[in-house]
Amino acid sequence: MKKKDASTKITSLSKALEEHNYRYYVLDQPSISDKEYDDLLKELMSLEEHYPELKQTNSPTQRIGAKVPSGSKTVKHEVKMYSLDNTYSIEEIKKWHERVLKGLDGEKPEYFVELKLDGISASLRYENGEMVYGVTRGDGLVGEDVTHNVKTIRSIPLQLKNSKQSIPARLDVRAEIFMDHKAFKALNAKRREQNEELFANARNATSGSIKLLDSRITAERNLKCFIHSFGMLEGGEVIASQAEFLKQVKAWGFLTNKHNRLCQSIDEVIAYCMEFQEKRDALPYETDGVVIKVNDLTQQQILGHTQKAPRWAVSYKFPAQQATTEIDHIIVQVGRTGVLTPVAELKPVECAGVTISRATLHNFDEISRLKVNAGDRVLIERAGDVIPKIVKVVEKKSKGILKVPKKCPECGGKVVKEETDAVSFRCVSSTCPKKIERALVHFASRGAMDIDGLGESIVVQLMQEGLVENIVDIYKLKEEQLLNLDLFAEKKAQNLIKSIEQSKGRPLSRILFALGVANIGAKAADTLAKRFKTIDRLLKAEVNDFTAVDDIGVIMAESLVSFFKDTAVRKTIKELKAAGFSFKEPEEQLISDKLKSKKFVFTGELEDMSRQEAGALVKKFGADIVSSVSKKTDYVVTGKNPGSKYEKAIQLGINILNENQFQELIND
Ligand SMILES: [Zn+2]
């Protein structure tokens, strides 16, 4: 292709891609399939690769993200980003309304109301319709340059739409960037799987994501953005009110909140506040109040600002889902690995319609941060379906703070301090009954050995009766012994014995997870079992052997080695073998070996099957699944919303297959 033609093609592809992007993320009305979109994007990427000099600053390929050099840049806001005064009651809203009436000399204002989202405020600069930069609010005067991350947010246009006349020469729109409940849950689920620290709430997750240096990760976080106001607006059509502004903003291609409403009276405003106070839990994102604005921009100017905040706007904060109560006592729970977790037992208190009698204290760091002890009066908070937490001590009634127990509260064993990514305290006694109990419950649980009928209460009973002291004892249980226990009729006893017997045939991956090796979750156990195939190979493996496996890091490898070197563990394994355990991972039935040892990476959502299913499918042809793209990768299969792996594949020139091509390869 000639350079001139390439240039024309790049322009038309960019335009088409941004239009499809807008239809998908803003209008929610896609007009082409994800595959077609991907094909266009790929075409653009390859053209940009051939003609880097033709690459536009706001190319749709920026949506995928890139790694930027460290050292963040700050940008001064040309127009200050004010914060708003808060009101907490209908009376306060009415008082504010009185002040507005006074300021307007009795002229009657219309009000525009918007939900206040719990996200990150930012200012986005456009010049002649082109995005120039995105900056966080910071202190209102100076913010952090987060342009590269903002560009990955698909509902933010890189170029404004609509007629030339309507587009201002210079524009700062004020945005609230947020993560909805769905994206937040998915992110934490992924982090849990990978043993990474969880985000406490969606706001923290948003804040973390928007400040990342690698925008490829930001691109995967599914951030959203609503526009709510402007800082600077020069040129373009004259806008007379907030309602008109938001209408214009929509026409430019931004996303605005569909619950925004124009109100004719303060009573309507109050009704809106009450309506959403009720509905807030049903919304797909976190909201903590309502922003009330005088609609008319001239009236806004007349009212002006104080030092801190505009006089023409105020926020109404929903009552916090908080309450105060007293801590009866703090119990220290012992988990299956011996970690001590303090939990506060509270005098029952009503909080947002729910009676609360327990709150988590997470760990002993949290106790020293809160300076809390039993007897103190505390403020507790509930958010959505999360376990209530203690926000602060409101009245110190006890002396000092809860000390870390020197001995395990369950067994009196030695407690050791451990510092990994957080400080934790563990009971290190191998005979601690609570640890054993928790470990046995885990062992028998659904995702592990799946022993039907061996739940928590039965485990406790068996231990109390002295019938079970360790995993191996489970396999020595006799029906007659069970019949002597409370709550065990003949049928139930038979069933339990049967399910215990059946569990001996579980695959190695399940057993490995059930044994509870530190830092090894179900997924890692599966990977290890598929790679090592037998327990004997695992027992002999060294750190290097483990780290050679994809997805197994050094911490995991060290945990594995110390676990399998432990004499008690080796004894257990030997006894389980004697009890009839095969410890084998079933070989996957191969359909053919036409993809033997080919390395596959999957990215994005496939339409006809899940990634797991697709993975299982290629394995049946002898292929291997790897998690990251490298020169050794043979194929990268891409679905909807492919991540950074896709870009990497292009850089490295790996074979990229869309879903159709993948099906062809399999069915050929
Ligand atoms: Zn203990």
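Every number for a ligand or one of its atoms is a count from 1 in the order of the listing. Hydrogens, waters and symmetry mates are skipped; everything else that's a heavy atom, side chains included, is used. Just so it is clear, the model here is predicted, and its values are computed rather than measured. In this chain, residues are counted from 1 in sequence order.
No salt bridge links Asp536 with Lys540; every basic N to acidic carboxylate O contact stays at or beyond 4.0 Å. The pair Lys498-Glu501 does not meet the salt-bridge criterion, since no charged nitrogen lies less than 4.0 angstrom from a carboxylate oxygen.
Partners of Phe581 under the ring pair (Phe, Tyr, Trp, His ring centres under 6.0 Å) rule, at least two apart in sequence or in another chain, are Tyr475, Phe583. Under the rule for a ring pair (Phe, Tyr, Trp, His ring centres under 6.0 Å), Phe443 has no partner lying at least two apart in sequence or in another chain.
Sorted by first and then second residue, the pairs that involve residues 438-455 and meet side-chain hydrogen bond (donor to acceptor under 3.5 Å, both in side chains), not counting sequence neighbours, are Arg438-Glu456.
Ordered by chain and number, Cys408 SG, Cys411 SG, Cys427 SG, Cys432 SG make up the set of protein N, O or S atoms under 2.8 Å of the Zn ion (ligand 1).
A donor-acceptor pair under 3.5 Å links the side-chain atoms of Thr136 to the main chain of Glu144, judged by distance alone.
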